[in-house]
Structure formats: structure tokens, C-alpha cells
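Below: the structure, in C-alpha cells.
To find a chain, count down the sequence lines: A is the first, B the second, and so on, and within it residues start at 1. Since this is a predicted model, take the numbers as computed values, not measurements.
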Protein chains: 2
Amino acid sequence: MSTINDVARAAGVSVATVSRALRGLDRVSPQTRARVVQAATELHYVASPTASSLASGRTKVVAVVVPFLARWFFATVISGIEKALRRHDHHVLLIDLEGESFGTRLHLSHSMLWKRVDGVIVLATALDEQEQALIERLGLPVVTIGHRIRDWSCVRIDDKEAMRIAVRHVLDLGHTDVAYVGGVPDASADLQTPQDRARAFADTLAERGLGCPPEWVIESDWTAVGAARDIMAVLNGPSRPTAVVAASDEMALGVMAAARRSGLAVPQDLSVIGVDDHVLSEALGLTTVRQDVLCQGHRAGEALMRQLVDEAAATVDEVMPVQLVVRESTAPPPKKRGGTRVTNT
Amino acid sequence: MSTINDVARAAGVSVATVSRALRGLDRVSPQTRARVVQAATELHYVASPTASSLASGRTKVVAVVVPFLARWFFATVISGIEKALRRHDHHVLLIDLEGESFGTRLHLSHSMLWKRVDGVIVLATALDEQEQALIERLGLPVVTIGHRIRDWSCVRIDDKEAMRIAVRHVLDLGHTDVAYVGGVPDASADLQTPQDRARAFADTLAERGLGCPPEWVIESDWTAVGAARDIMAVLNGPSRPTAVVAASDEMALGVMAAARRSGLAVPQDLSVIGVDDHVLSEALGLTTVRQDVLCQGHRAGEALMRQLVDEAAATVDEVMPVQLVVRESTAPPPKKRGGTRVTNT
DNA sequence: CTGTTAGCGCTTTCAT
DNA sequence: ATGAAAGCGCTAACAG
């Protein structure tokens with residue numbers, strides 16, 4: 001393929017002029033620019049990204065760091081990021097921190113970022129001190145999604161508010177016996193989302209003078225199978241809830257399935273509500289609190305681009321709105337069985 | 001940060017030696033190598049990827065081209081690819097071809113690949129002649145997944161076989177009135193998977209002397225909502241099937257939900273089977289034909305790395321196994337209603 | 001407005 | 001086994 005030299009020769013100008021003309025810098029006469037552009041087009045010239053990166057110090061690539069990839073939320077966010085970045089002629093370099101074996105996670109290292117990317121977007125991951133220091137040291141602008149770190153820019157929803165809306169919905173329906181799936185497992189003890197949602201669940205019940213027995217607050221690995229497995233004991237127990245609030249739609253779908261397996265009809269015998277508005281939730285009729293995940297990715301991408309262009313651009317903390325979406329999985333509680341009600345803390 | 005010069009100075013050798021020593025080339029004495037490695041470690045030296053790319057012509061980055069990202073299949077494959085590549089110290093540059101507006105798709109262009117990546121992995125996408133020529137011209141090794149293109153390496157399953165297994169399962173259960181969701185829409189008329197599965201559905205019925213009325217073969221956008229919407233007419237029609245075979249689990253889940261909405265119990269009134277073994281299928285009790293998607297990504301990554309190292313490495317066509325997984329969504333047909341049976345073509 | 005000229009940091013002959 | 005030196009292709013001063 002042709003290089004900048006070929007174009008310079010063809011257009012009868014210097015390489016510097018070619019570089020300026022093609023990058024749209026000023027101080028190039030319209031005629032010259034036209035000639036250069038034409039020569040470049042004819043030669044199918046495209047600047048070598050590695051060469052310009054080396055010379056300019058900028059790569060036009062941003063690292064997108066994820067704890068794992070094969071989850072709806074992450075894949076969707078990344079899709080949003082990608083679309084935002086490509087408008088600005090930037091690319092996504094994927095950094096998947098999921099380890100080989102279960103429960104492990106890779107650590108962000110110097111060699112993943114150094115001279116490789118211009119900025120970083122971190123998805124719902126708690127970086128440790130070392131990793132944070134690394135990014136700081138490299139001087140990379142960063143935007144986080146779904147989890148605040150330091151004073152870095154962040155795009156997120158109000159997790160407490162989302163959960164409050166979910167809980168109030170079932171409470172307003174008349175439920176008083178409600179269980180929760182999505183307690184905070186050790187593995188994500190440092191993530192804000194599980195914590196905030198779990199906390200808001202308890203608080204919102206308390207706010208109405210209600211409580212929930214500890215065995216009705218179920219820790220979960222945040223998967224559908226896990227939730228289905230773990231809710232079973234509660235559904236088959238002597239006194240069972242009339243509603244289950246799950247911290248995510250994936251878990252909520254697991255709960256719905258578990259209920260059916262136990263012979264409980266949803267929502268007649270058991271109401272189920274989630275948070276997220278997973279792709280499948282609409283089809284499966286799950287009531288949920290929707291967040292616009294694609295948009296969050298988009299916003300994060302835009303925010304990063306701003307910081308890239310303007311060193312002094314303000315860091316942002318965008319809190320995106322959430323919205324209750326009522327579908328078939330929630331209804332008022334069945335009339336009978338008032339006796340088994342439980343309301344301690 | 002430190003450069004190769006700093007290391008050379010610290011170790012008292014030339015930069016050439018540092019380069020050789022650190023990359024594990026031979027013709028470096030063990031002592032020298034040790035000194036270099038130590039100096040590099042102390043200085044936290046990591047070679048600048050852009051500089052070595054420019055000098056060597058190789059980037060250690062591979063483009064992963066996807067038609068869209070936020071779908072379980074694609075996200076999962078990519079996860080597999082990523083894990084394979086990182087073992088070989090290579091990275092994933094995401095190229096999402098999904099356009100801004102519905103139904104459009106971006107075209108693979110020179111500037112996305114040129115001097116940017118060492119190879120390409122194409123996921124379930126039919127590239128047009130221009131795009132194929134581009135890759136050919138750039139001399140990039142490529143591996144496709146789920147869709148054969150030219151004589152390029154490919155990792156896939158036998159789609160016809162997968163569908164045959166699904167259909168035979170419901171037939172063996174005793175069903176004779178079976179509908180299909182996943183006909184080939186125009187948008188994917190050039191993709192092998194939809195075609196092969198649809199074809200195998202019809203063929204497998206025929207093989208047992210059965211048929212399926214045209215209105216029971218439903219085209220779909222391959223989403224759960226779409227399938228749920230489109231199956232409704234059939235489920236509420238005068239004569240309805242006792243089983244539905246969907247070309248993907250996502251659609252199958254949509255069908256299950258639609259059936260319940262129509263007051264049909266699954267599997268008592270209607271059996272449903274899919275293909276893929278989506279993450280949620282186990283939790284939701286969907287019978288399916290499983291493929292190991294993660295593994296396909298892994299294999300594709302490995303195959304590409306082989307071709308990268310050894311120019312002459314044989315191109316491969318790996319056909320991964322599939323397996324019937326019977327869960328709660330399929331059962332023998334209800335006894336009555338024999339009268340409405342339909343068996344034309 | 002345009003050309004000249006140093007690099008950017010590494011790899012890779014070619015000598016030694 | 002090691003060093004010297006010529007690039008890789010582009011950007012960014014600095015002149016003019």
C-alpha cells in the first residue's frame with residue numbers, strides 16, 4: 001500500500017503538507033488541500049495508525065475493561081460505547097478481566113494499557129489500589145460505569161432509587177411478605193450496585209414499617225440458575241412470601257421459573273419483580289425497573305472523548321433515569337393465608 | 001516511563017541486545033540475558049507496542065468482526081476468543097458492524113484493518129465481495145465462526161444436524177403437528193445458519209412422511225419478542241400445533257412465554273424446543289440442542305494464532321459437536337384433538 | 001501557507 | 001554473542 005511519501009510526490013507537495021491537509025488542520029490553502037485529497041484518494045492512501053501513534057503519542061484506541069463479557073449488561077454497554085467512539089474515529093480494545101478459573105480475576109497491568117490506549121472505560125468493576133495507581137500514573141483519562149472510583153467520571157443509575165421503586169411497587173400492590181434475591185456475596189463485597197440495592201430493599205420495607213426475616217434475604221451469584229436454585233427453599237418453606245424482589249432481571253427470571261416448578265403461578269401465587277429490563281424481560285412478561293444500558297455506554301464514550309480532546313474538561317457524574325415497567329409478573333397478593341405473615345427485622 | 005535505551009544503558013549493552021534478550025531470541029548469552037531482564041524489571045520497562053509494531057510490522061492485535069454485540073451468542077464467542085488470544089499475548093480489537101439505524105450495517109473498510117491488526121475473526125456474518133477482496137488484498141489471515149466464507153478457516157457446528165436432532169426429539173415424543181419459528185428473513189438471506197436450520201426442519205419432517213403447512217413456518221427477526229409476537233396467530237388459530245421448534249433458544253423462550261399468555265401450559269398443551277443452550281435456558285427449563293459457544297471462540301482464536309505464527313498452517317474447518325439437552329419444555333402430545341391434524345406440505 | 005528536519009521507540013540486517 | 005546503524009511512516013517544531 002502507499003505511504004505518505006507517495007501521496008506527497010503525487011500531489012507535488014511535502015509530506016508535512018499532506019499530513020496537515022488530510023487531518024484537516026488549517027494553514028493549508030484550499031487548492032493544495034484539494035490536490036492532496038485527490039492524490040490520497042487515487043492512491044487509496046490511509047495513514048498507518050501505528051506510525052502516527054508513535055509520532056503523535058496518541059492511539060485513538062480506548063480500553064474497555066470488563067469483569068466478564070458474556071453477560072447481557074456488559075455486552076450491551078460495550079455496544080453503546082463502540083457506537084459513541086466510532087463517531088469520533090476511535091476504537092475499542094477489549095480488556096476482559098475474567099480469569100481462567102471460576103472466581104478469579106486478572107489484574108489490570110501496565111502492559112495492557114501502556115502506549116496502547118488513550119483512555120479507559122471501566123465497567124462495574126472495583127479496581128484495587130494498585131490498579132487505580134497504575135491508571136493515575138499513566139495519566140489516562142477514565143470514565144467508570146455503574147461504580148464510582150475516586151473522583152473519576154462516572155455514568156450510572158441511582159441503584160437505591162431503582163430498588164426503592166421496585167419495592168414500593170410490590171408494597172403498593174398490597175404485599176407485606178416479600179423476599180429478596182441478590183444479597184451481597186463476598187466476591188462483590190466491594191461493588192456498589194449489589195450493596196446499594198440490598199440496602200435500599202431493607203430500607204424501603206422499614207420505611208413502611210415492614211421487615212423481612214433474614215432467611216428471606218438470599219445471597220446469590222447474580223445468575224438465573226443460581227437464583228432459581230437458591231429461592232427454592234424459601235418457596236417450599238412453611239411460610240412463604242407473596243412477592244420476590246430480585247436485584248437483577250436475570251435473577252428474577254430464575255425466580256419465576258423456580259416458582260413454576262414449585263407449582264406456584266406467577267403472579268397469582270407469587271409476584272416477581274426485577275431491575276434492569278433485560279432483553280428477554282419484555283418477552284417473558286417480567287415487571288422490572290428499566291435502565292437504559294445502551295445509553296449509558298454511549299454517554300460514557302462521549303464523556304471520555306470530551307476529556308480526551310479537552311484536558312481540562314470537567315469530570316462528570318451522570319445519573320441516568322430509571323423507570324418502572326409493569327408487566328404480567330406482578331399482581332396483588334392472594335387474599336388468604338394472612339396467618340403466616342412475618343414482619344420482624 | 002523508561003525506554004529501551006534506559007535499559008540498554010542500565011545493563012551496559014546495546015539496544016539490539018536488549019531487544020533480543022527480552023523477546024527470548026537466541027544468540028544471547030544467559031548472563032547477558034539475566035542482566036538485561038533484571039535491568040528491565042527494575043526500570044519497569046515494557047516495550048512500547050506502537051513502536052514495535054511500526055518496526056516489526058506486526059501489532060499483536062486481531063480484529064473481531066461482529067454484526068452486533070449485545071446478543072448472547074456473540075458476547076460469549078468473543079469471550080472465548082479473548083481468552084485464547086491472551087495466552088498468546090494478543091489483543092481483541094472490536095469491530096461492531098451494527099449500524100446506527102435498524103437494519104443497516106457498516107461495511108468493513110480499509111481503515112478499520114490496515115496496519116491495525118494482524119488477523120481477523122468474523123462472527124456469523126456474510127461479507128460481500130468487496131469486503132472479502134479487501135481482506136485478501138491486505139493479506140490478513142482470517143477465521144470465520146458459524147458461517148463459511150471462501151476457503152477461509154471456519155469453526156462452526158453442523159446446523160442441519162442440530163436441527164435434525166431437535167425435530168427428531170419432538171417427533172420421537174409422538175408429535176406430528178409441529179410448527180417452526182426462524183424462517184429466513186431477507187436480512188439474513190445470505191447467512192448459512194438460518195437457511196440450514198430451516199431446511200433441515202422441513203427435511204426431517206419429510207423424512208418421516210410428515211409435513212407442515214406454510215403458515216406454521218414463521219419468519220422471525222430471531223429475537224424473543226419477535227417470536228412471541230409472531231407465534232400468537234398460530235397458537236390462537238383454529239388448528240394449532242402440539243409442538244414448536246425454534247431455530248434459536250431466544251426465539252424458543254419467546255414462544256414459551258406466548259404460549260402461557262394464550263393459556264397453554266408448556267409442555268402439557270405445547271412442547272417447545274430450541275437450539276443453542278442459551279445461558280437462561282437451563283434456568284427456564286427449555287429443552288434444547290446445545291452447542292459450546294465459548295469453545296468455538298476459543299478454537300477460532302487458537303486457529304488464527306496458528307496461522308499467524310506459521311504462514312503455511314493449514315486452514316481448518318472445525319465442526320463442533322452438538323448435544324440434545326432435555327428439560328421440562330417438551331413432552332408427548334396431549335391425547336385428544338386428533339382431528340385437527342395437518343400433514344400437507 | 002509550505003518545506004525541512006528531527007525525532008517517536010523499537011526491530012532488523014549486517015558487521016564484527 | 002554483540003554492536004552499529006538504517007529504517008518503519010508519520011507528526012511536530014521550526015524556518016521561511
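Ranking dT11(C), dG9(D), dG3(D) by closeness to the Leu54(A) side chain, first place goes to dG9(D). The listed nucleotides are dG3(D), dT2(C), dG9(D); the one nearest the side chain of Ala16(B) is dG3(D). The side chain of Ser52(A) sits closest to dT11(D) out of dT2(C), dG3(D), dT11(D). When the nucleotides dG3(C), dT11(D), dT11(C) are ranked by their closest atom to the side chain of Val15(B), dT11(C) comes out on top. When each of dC10(D), dT11(C), dG3(C) is scored by its nearest atom to the side-chain atoms of Ser19(B), the top-ranked nucleotide is dT11(C). You'll find that the side chain of Thr3(B) is closest to dC10(C), out of dA1(D), dT2(C), dC10(C). Nearest nucleotide to the side chain of Arg23(A), out of dT2(C), dC8(D), dA12(D): dA12(D).
Note on Thr50(B): nothing from the nucleic acid sits closer than 4.0 angstrom, heavy atoms only. Val18(B) comes within contact range of no nucleotide atom at all, as no heavy-atom separation falls under 4.0 Å. Residue contacts shown for Arg20(B) include a base, since a base heavy atom lies under 4.0 Å away. In this structure, Thr32(B) reaches the sugar-phosphate backbone alone: every heavy-atom distance under 4.0 Å involves primed, P, OP1 or OP2 atoms, never a base.
Between the CG atom of Leu22(B) and the P atom of dG9(C) there is a distance of 16 Å, given to the nearest Å. Lys115(B) places its NZ atom 8 Å from the C1' atom of dC8(D), with the value rounded to the nearest Å. Across the protein-nucleic acid pair, Ile4(B) atom CD1 and dC8(C) atom P stand 14 Å apart, rounded to whole Å. Per the geometry, CZ belonging to Arg9(A) stands 14 Å off P belonging to dG3(C), to the nearest Å. Going from atom CG of Asp6(A) over to atom C1' of dC10(D) covers 13 Å, rounded to whole Å. One atom, CZ of Arg35(B), and another, P of dT2(D), lie 8 Å apart when rounded to the nearest Å. One interatomic measurement links the two molecules: CG of Asp118(A) to C1' of dT11(D), which rounds to 15 Å at whole-angstrom precision. Between the CH2 atom of Trp114(A) and the P atom of dG9(C) there is a distance of 8 Å, rounded to whole Å.
Side-chain contact annotation: His298(A) with Asp292(A), donor-acceptor N/O pair under 3.5 Å absent. Using modelled atom types and a 3.5 Å distance limit, the side chains of Asp128(A) and His107(A) yield a donor-acceptor pair. Side-chain contact, Thr17(B) with Ser14(B): a donor N or O sits under 3.5 Å from an acceptor N or O.
At the phosphate of dT2(D), OP1 or OP2 sits under 4.0 Å from a side-chain N or O atom of Ser29(B). The phosphate of dT11(D) (OP1 or OP2) has no side-chain N or O of Arg58(A) nearer than 4.0 angstrom. A sub-4.0 Å separation between OP1 or OP2 of dT2(C) and a side-chain N or O of Thr17(A) is absent.
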Salt bridge (Lys or Arg N to Asp or Glu O under 4.0 Å) between Arg86(A) and Glu98(B), intermediate numbers included
CA-CA 11 Å; Arg86(A) 75 182 174 208; Glu98(B) 181 175 37; over 6 Å; no
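Taking CG of Leu69(A) as the start and CD1 of Ile95(A) as the end, the distance is 12.5 Å to the nearest 0.5 Å. Taken from CG in Leu127(A) to OG1 in Thr144(A), the straight-line distance is 9.0 Å, to the nearest 0.5 Å.
Comparing Pro30(B) and Ser48(A) by the nucleotide of DNA chain D that holds the closest heavy atom to each, the one mapping nearer the 5' end is Pro30(B). When the nearest nucleotides of DNA chain D are assigned to Gly12(B) and Ala55(B) by heavy-atom distance, the more 5′-ward of the two goes with Gly12(B).
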